[in-house]
Q: 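This is the structure I have questions about; it appears just below.
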Amino acid sequence: MATIKPFECIRPDAACVDQVAALPYDVYNREEAVAEVKREPKSFLKIDRAETQFDDSVDTYAPEVYAKAKELLEEAMADGTYITDKERAYYIYALTMNGRTQTGIVACASIDDYQNNVIKKHENTRAEKEVDRITHVDTLSAQTGPIFLAYRANDTIREEVAKAKENEPLYDFVSNDDIRHQVWKIGDKESIDKIQHAFETIDSIYIADGHHRAASAVKVGQKRRDANPGYTGNEEFNYFLSVLFPDEELMILPYNRVIKDLNGYKPAALLEQISQYFDVALSNEQVNPENKSEFGMYLEGKWYKLIAHKDIQKSHPVDGLDVAILQQYILTPLFGINDPKTDKRIDFVGGIRGLGELERRCNKDCVLAFSMYATSIGELFAVSDANLLMPPKSTWFEPKLRSGIFIHKI
């Protein structure tokens, strides 16, 4: 049973929401974040990454950076950039990219559900990556970047969402990456009750994206529980900001790979080695895999289609993933890349960048590229249900949820 509750939302004034809404904090390095805030001074990124307000002599994680983030949020709330809805509500957040729309419920999920595995994970988190967001959330007493959750589609929720979308949206704008963002509010008690009860019938919710943000929010909640031993469980720190999408609307893009050297192989010898486990065929065009167990490979200016032999295609939730097959039969044995998270000879290119980016990288700083067939949402669910972990860089979700549209005070 999932506890997904409405909340009192702090959100931008409609007149400036398009200026405030920002991509997640972790898609930028410091230099890029500074440039983005300079381009759009109202961007929420200046609060998410308050080091942009200091010169390079100030460490990204210095205490004054988090104090500045709190100051900026309080200023934005005081000057009318942000307004506070005083009643608990759900919100609908629809994102449209290339004519395809995915619609989620903005709400608060329970840290207990995270801890007891009603909310399921498919990747580990690293403590050093959590510290920054723990400090940010704790200092601001606010969650500013929603966790991307997924659930198996539910008729009641689908009907309530459709009904709410018949009304005028609170927001309707197109961001500078051509994504349309629309938001509606569900404040009607009957609709709220129906949605809340519908989630209570759902056994499992899945983290699609945002494992570190979720872990950080949970740890802040636990920290506040420890500081308040008489807590009731109803306090806002017991919940974290989320957007929940039905599986039927989600699309995962591939996460492609580029390799920086051939590990001593000549191209012909490499092709011979690969052909032990894959059918290899030269292609006269870019290879964008259309089926599971198919791969594209770009080598010396030529594209090849690889199809995994039947005997290495597996039904295991993890070992059967295409990213796992590539890792087990090519990257590890031929290139000695045992840990793709740390090996400097491999890099990853999100599918949103297209196959031309793989060719560009091979002309710049790499010698070999693999285009992948995207992991499915069903595969993600299967891995999570089995309490297993996906290989690194298995999924690329688009479009990205914006930060700063919804804020949950704790």
Side-chain angles (χ1 to χ4, degrees), residues 2-12 17 20-27 43-50 61 65-74 76-77 81-86 88-93 104-115 119 121 125 129-150 183 185 205 207-228 231 233-245 400-410:
T3 300
I4 304 296
K5 75 182 198 72
F7 69 110
E8 295 178 4
C9 184
I10 299 170
R11 57 185 180 85
V17 64
V20 170
L23 284 166
Y25 75 97
D26 54 357
V27 306
S43 172
F44 191 79
L45 190 61
K46 71 181 180 183
I47 298 173
D48 251 353
R49 297 282 297 274
Y61 309 112
V65 169
Y66 300 101
K68 185 66 173 179
K70 181 179 180 181
E71 175 190 324
L72 291 170
L73 178 59
E74 290 173 349
M77 293 173 64
T81 299
Y82 276 92
I83 59 177
T84 302
D85 285 343
K86 294 299 186 183
R88 295 184 180 277
Y90 290 119
Y91 296 80
I92 295 172
Y93 183 16
I105 300 273
V106 186
C108 285
S110 163
I111 70 171
D112 290 315
D113 283 352
Y114 179 96
Q115 292 171 324
I119 296 173
K121 308 87 180 166
T125 57
K129 284 192 69 175
E130 295 172 15
V131 171
D132 167 51
R133 285 303 101 176
I134 289 171
T135 309
H136 193 272
V137 171
D138 204 22
T139 303
L140 273 63
S141 278
Q143 298 153 355
T144 60
I147 315 306
F148 187 153
L149 301 180
V183 174
K185 182 177 179 179
I205 304 289
I207 298 179
D209 203 8
H211 283 77
H212 284 91
R213 288 194 299 276
S216 301
V218 170
K219 287 183 178 177
V220 172
Q222 190 59 58
K223 177 182 177 182
R224 297 201 174 192
R225 285 181 170 186
D226 294 343
N228 297 275
Y231 76 92
N234 294 319
E235 299 88 353
E236 292 303 315
F237 59 69
N238 294 288
Y239 300 89
F240 59 90
L241 181 65
S242 305
V243 187
L244 299 101
F245 292 90
K400 301 294 185 189
L401 306 182
R402 274 11 185 213
S403 295
I405 302 179
F406 313 98
I407 296 175
H408 173 228
K409 287 289 282 184
I410 62 168

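The basis for the numbers below is simple: all heavy atoms, side chains too, and nothing from hydrogens, waters or symmetry mates. Owing to the predicted nature of the structure, the values given are computational and were not obtained by experimental measurement.
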Q: Under the side-chain contact (heavy atoms from CB on, under 4.5 Å) test against I407, which residue among L241, L73, T84 passes?
A: L73
Q: Within the supplied structure, the quantity of interest is the number of heavy atoms (other residues, nucleotides, ligands) at a distance under 6.0 Å from K5 NZ; does it exceed 12?
A: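 Enclosed.
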Q: Using side-chain heavy atoms (C-beta onward) and a distance below 4.5 Å, is L23 in contact with L45?
A: no
Q: For a side-chain contact (heavy atoms from CB on, under 4.5 Å) check, start with the C-alpha distance between H136 and L140, then their side-chain angles and the critical distance, and finish with the verdict.
A: CA-CA 6 Å; H136 193 272; L140 273 63; 3.5 Å; yes
Q: Kindly compute the distance separating OG1 (T144) from NZ (K409), expressed to the nearest 0.5 Å.
A: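 Nearest 0.5 Å value for the OG1-NZ distance: 11.0 Å.
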Q: How close do I10 and Y82 get, heavy atom to heavy atom, and via which atoms?
A: CG2-CD2, 3.8 Å
Q: Go through the side-chain N and O atoms of S141 and R224 and say whether any donor and acceptor fall under 3.5 Å apart.
A: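 The criterion, which ignores hydrogens and geometry beyond distance, is satisfied for R224 and S141.
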Q: Rounded at 0.5 Å granularity, tell me how far CZ in F44 sits from CG in L72.
A: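 Rounded to the nearest 0.5 Å, the CZ-CG separation comes out at 9.5 Å.
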Q: Run the salt-bridge test on R49 and D26 with the 4.0 Å N-O cut-off and return the result as yes or no.
A: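 Between D26 and R49 there is no salt bridge, as every charged N stays at least 4.0 Å from the carboxylate O atoms.
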Q: Looking at D209 and I147, what are the two nearest heavy atoms and their distance?
A: O-CG2, 3.8 Å
Q: Rounded to the nearest 0.5 Å, how far does OG1 of T3 lie from CD1 of I119?
A: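 Between I119 CD1 and T3 OG1, I get 8.5 Å after rounding to 0.5 Å.
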Q: Is the backbone of D112 close enough, under 3.5 Å, to the side chain of S110 for a donor and an acceptor to pair up by distance?
A: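 Checked: pair present.
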Q: Ring-plane angle category for F148 and F245, please: parallel below 30°, perpendicular beyond 60°, tilted otherwise.
A: tilted
Q: With rounding to the nearest 0.5 angstrom, report the CZ to OH distance, R402 to Y93.
A: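 Result: 6.0 Å between the selected atoms.
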Q: Nearest heavy-atom pair of A109 and I4: which atoms, and what distance?
A: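 Heavy atoms of A109 and I4 come nearest at CB-CD1, 3.9 Å.
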Q: Which label fits Y91 and F406: parallel for a plane angle under 30°, tilted from 30 to 60°, or perpendicular past 60°?
A: tilted
Q: Is NZ or CZ of K121 both nearer than 6.0 Å to the six-membered ring centre of Y114 and within 45° of the ring axis?
A: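 Geometry flag: set, cation within 6.0 Å and 45°.
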Q: Enter the distance from E74:CD to I47:CD1 here, rounded to the nearest 0.5 Å.
A: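 Rounded to the nearest 0.5 Å, the CD-CD1 separation comes to 10.0 Å.
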Q: Do L244 and I205 have side-chain heavy atoms sitting under 4.5 Å apart?
A: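 Yes - at least one pair of side-chain heavy atoms lies under 4.5 Å apart.
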Q: Any salt bridge between E130 and K219, counting N to O under 4.0 Å?
A: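 Between K219 and E130 there is a salt bridge, with a charged N closer than 4.0 Å to a carboxylate O.
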Q: For E8 and D85, which heavy atoms make the closest approach, and how far apart are they?
A: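 Closest pair (atom of E8, atom of D85, distance): CB-O, 3.4 Å.
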Q: What heavy-atom pair brings E235 and G233 nearest, and what distance separates the two atoms?
A: OE1-N, 2.9 Å
Q: Do R88 and E236 meet the salt-bridge criterion of a basic N to acidic O distance under 4.0 Å?
A: yes
Q: Flag the pair D48 and R133 as a salt bridge only when some basic side-chain nitrogen lies within less than 4.0 angstrom of an acidic carboxylate oxygen.
A: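 Salt bridge between D48 and R133, a charged N being under 4.0 Å from a carboxylate O: yes.
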Q: Which of these passes side-chain contact (heavy atoms from CB on, under 4.5 Å) with Y66: D138, V137, D132?
A: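 Checked D138, V137, D132 against Y66; only one passes side-chain contact (heavy atoms from CB on, under 4.5 Å): D132.
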Q: Using side-chain contact (heavy atoms from CB on, under 4.5 Å), reason through M77 and I83 one step at a time and then give a plain yes or no.
A: CA-CA 7 Å; M77 293 173 64; I83 59 177; over 6 Å; no
Q: Looking at every non-hydrogen atom in both residues, tell me the closest pair between Q143 and I410 and how far apart they are.
A: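 Smallest heavy-atom distance, with atoms named: NE2-CG2, 3.6 Å.
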Q: Among Y239, F240, F237, F7, which one satisfies ring-ring contact (aromatic ring centres under 6.0 Å, His included) with H408?
A: F7
Q: Is the positively charged end of K185 above the ring of Y90, judged by distance under 6.0 angstrom from the centroid and angle within 45° of the axis?
A: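 Here K185 fails the 6.0 Å and 45° test against Y90.
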Q: Is there a side-chain contact (heavy atoms from CB on, under 4.5 Å) between V183 and I92 once you walk through the steps?
A: CA-CA 5 Å; V183 174; I92 295 172; over 6 Å; no
